[in-house]
Amino acid sequence: MADKPDRNLAMELVRVTEAAALSAARYMGLGDKKSGDKAAVDAMRAFLQTVEMDGVVVIGEGEKDEAPMLYNGERVGTGQPPKVDVAVDPVEGTQLLALGRPNSISVIAVAERGSMWSPGPSLYMNKIVVERRAREAIDIRATTTENLHRIAEALQRKVHELTVFVLDKPRHEPLIAEIRRCGARIALHTDGDVMGALMAAIPGTGVDVLMGIGGTPEGVIAAAAVKALGGGMQGMRAPQKDYERRALQETGQRLDEVLTADDLIRSDDAFFAATGITDGPFLEGVHFDRNGGVTTHSIVIRALSGSMRFIKGVHQLTRELQFGDAGTDHAVRIAAQ
């Protein structure tokens, strides 16, 4: 028995996602993806510097020359231990935010230094995610039909009772057709497969499995949550462009390699936090209340303990913080937390 409680870093990281969500929420429905994303990046970066950790961004907004903030390789935190890898998506679903659609979130994952898989030139990944009871049933190399029947058996359900989260993309037309032939229900979403993976890994969300090709960086972020929840996840590189395929060949990366959540996040001490920006069936979005306050809804997960918390934050605007360029359209003010 430990003589004192250990630190749950995710409880500090949720302030980071709250800040990003609060900043981005002002751009909901305005049709401006770039400004909403920049507001979230500025706030997330500022709050990351308050977290006591020596962090290196493994998955960020891009390479340094392409993304002035939160670029891959950037150092974040106070510089004090622990040494950790950091994966961020200040706005997962920038299009969802710009159009005011559900399920836009701000998300961060952290794991011990050197334990987070770096996607390199891999931009897209085929994924399958399920909850704990079905984690031994999935095999991404098998057909969609085989997987759905095995998942249904593991969950003691009928195939037609399963709901599958799929991104509504032209590349998924064959996948959608096969799911329909099996009789399973489909929840089609234009964006947001981190949220889809999270919902698939948590029983009772209305989503039983995530299937299909999404972003590889998003897959690594999702793996932190799936692993913490004890769910099942498998992925395979699935290049969608010729230049991506060539880059993978040049670096000797195998397209037939199956990657599990344990491959993507090799540490057992990983942390995940996400805050809703726009309303969704799982996380509420940022609400600007009539009394001048602002409400946020977040989820916090730790792999080592398997703990999962939902946090409702009520933020008063009696004192504000400003991020971005003062006096410009990018200057964003949020409640001091």
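As the structure is a prediction and not an experimental result, all values here were calculated from the model.
Under a cut-off of 6.0 angstrom, the local environment of CD in E257 is crowded, with over 12 non-hydrogen atoms contributed by other residues, nucleotides or ligands. Around NZ of K312, the count of heavy atoms belonging to other residues, nucleotides or ligands within 6.0 Å exceeds 12. The environment of R101 atom CZ is sparse: at most 12 non-hydrogen atoms of other residues, nucleotides or ligands sit within 6.0 angstrom.
Residue pairs that meet the side chain to side chain donor-acceptor pair (under 3.5 Å) test with at least one member in residues 161-175, sequence neighbours left out, are T163-R185.
Ring geometry for F165 versus H189: interplanar angle under 30°, hence parallel rather than tilted (30 to 60°).
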Decide yes or no on side chain to side chain contact (heavy atoms under 4.5 Å, CB included) for D256 and R237, but give the supporting numbers first. CA-CA 8 Å; D256 62 349; R237 298 174 184 87; over 6 Å; no
Would you sort out whether R309 and N8 count as a side chain to side chain contact (heavy atoms under 4.5 Å, CB included), showing the intermediate values? CA-CA 12 Å; R309 294 175 172 87; N8 187 343; 3.2 Å; yes
Output, in order, the C-alpha distance, side-chain angles, deciding distance and verdict of side chain to side chain contact (heavy atoms under 4.5 Å, CB included) for D139 and R150. CA-CA 9 Å; D139 184 350; R150 291 168 62 172; 4.0 Å; yes
Apply the test salt bridge (Lys or Arg N to Asp or Glu O under 4.0 Å) to residues D37 and K33: give CA-CA distance (whole Å), side-chain angles for both, the deciding distance (0.1 Å), then the verdict. CA-CA 6 Å; D37 192 40; K33 292 195 300 183; over 6 Å; no
Please evaluate residues M236 and R141 with respect to the criterion side chain to side chain contact (heavy atoms under 4.5 Å, CB included), reporting the C-alpha separation (whole Å), side-chain torsions for both, the decisive distance (0.1 Å), and the verdict. CA-CA 9 Å; M236 296 177 70; R141 296 163 297 186; 4.3 Å; yes
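Under the 4.5 Å side-chain heavy-atom criterion for Ile, Leu, Val, Met, Phe, Trp and Tyr, F47 and L13 are members of the same hydrophobic cluster. Connection of L9 to M44 is established within a shared hydrophobic cluster, with ILVMFWY side chains joined at heavy-atom distances below 4.5 Å, either directly or through further cluster members. There is a path of hydrophobic side-chain contacts, each under 4.5 Å, that joins V129 to M199. Under a hydrophobic-cluster definition in which Ile, Leu, Val, Met, Phe, Trp and Tyr are linked whenever side-chain heavy atoms come within less than 4.5 Å, directly or via other members, I105 and V300 are assigned to different clusters. Under the 4.5 Å side-chain heavy-atom criterion for ILVMFWY residues, no single connected hydrophobic cluster contains both V220 and Y124.
Distance alone, capped at 3.5 Å, is enough to place a donor-acceptor pair between the T251 side chain and the L248 backbone. Of the possible polar contacts, one joining the D32 side chain to the S35 backbone as a donor-acceptor pair under 3.5 Å is found. In this structure, the side chain of R302 does not engage the main chain of M11 through any donor-acceptor pair within 3.5 Å. With hydrogens and angles ignored, the 3.5 Å screen pairs a side-chain donor or acceptor of D85 with a backbone N or O of M116. The backbone N or O of E146 sits less than 3.5 Å from a side-chain atom of T143, completing a donor-acceptor pair. Listed for the K227 side chain is a donor-acceptor partner under 3.5 Å among the backbone atoms of I265. Side-chain atoms of E244 come within 3.5 Å of backbone atoms of L123 as a donor-acceptor pair (strictly under, hydrogens ignored). Distance alone, capped at 3.5 Å, is enough to place a donor-acceptor pair between the N72 side chain and the G60 backbone.
Looking at L255 and P239, their side chains come closer than 4.5 Å, going by heavy atoms from C-beta outward. Side-chain contact between V226 and L264: absent, with no pair of heavy atoms (C-beta onward) separated by less than 4.5 Å. Side-chain atoms of I176 and I186, non-hydrogen and from C-beta on, do get closer than 4.5 Å to each other. Two residues are said to be in side-chain contact when any heavy atoms from C-beta on lie closer than 4.5 Å; T275 and I299 fail this criterion. Residues Q240 and I213 have side chains in contact (heavy-atom distance under 4.5 Å, counting atoms from C-beta outward). The shortest side-chain heavy-atom distance between P119 and I59 falls under the 4.5 Å cut-off. In this structure, E74 and R45 have side chains that are in contact, with non-hydrogen atoms separated by less than 4.5 Å. The shortest side-chain heavy-atom distance between R157 and D208 falls under the 4.5 Å cut-off.
For T295 and D289, the side-chain atoms include at least one donor-acceptor pair closer than 3.5 Å. E178 and T145 share a donor-acceptor pair across their side chains, judged by distance under 3.5 Å alone. No side-chain donor from either of E112 and S115 sits under 3.5 Å from a side-chain acceptor of the other. Side chains of N147 and T144: no donor on one and acceptor on the other come within 3.5 Å.
No salt bridge links R266 with D262; every basic N to acidic carboxylate O contact stays at or beyond 4.0 Å.
L48 approaches V16 most closely through the heavy-atom pair CG-CG1, 3.9 Å. Residues I301 and A225 come closest through the heavy atom pair CD1-CB, 4.1 Å. Closest of all the heavy-atom pairs between N126 and I140 is O-CD1, 3.3 Å. Nearest heavy atoms, Q253 versus P121: NE2-CD, 3.2 Å.
Between H287 and the choices T296, V294, D279, the side-chain contact (heavy atoms from CB on, under 4.5 Å) rule is met once, by D279.
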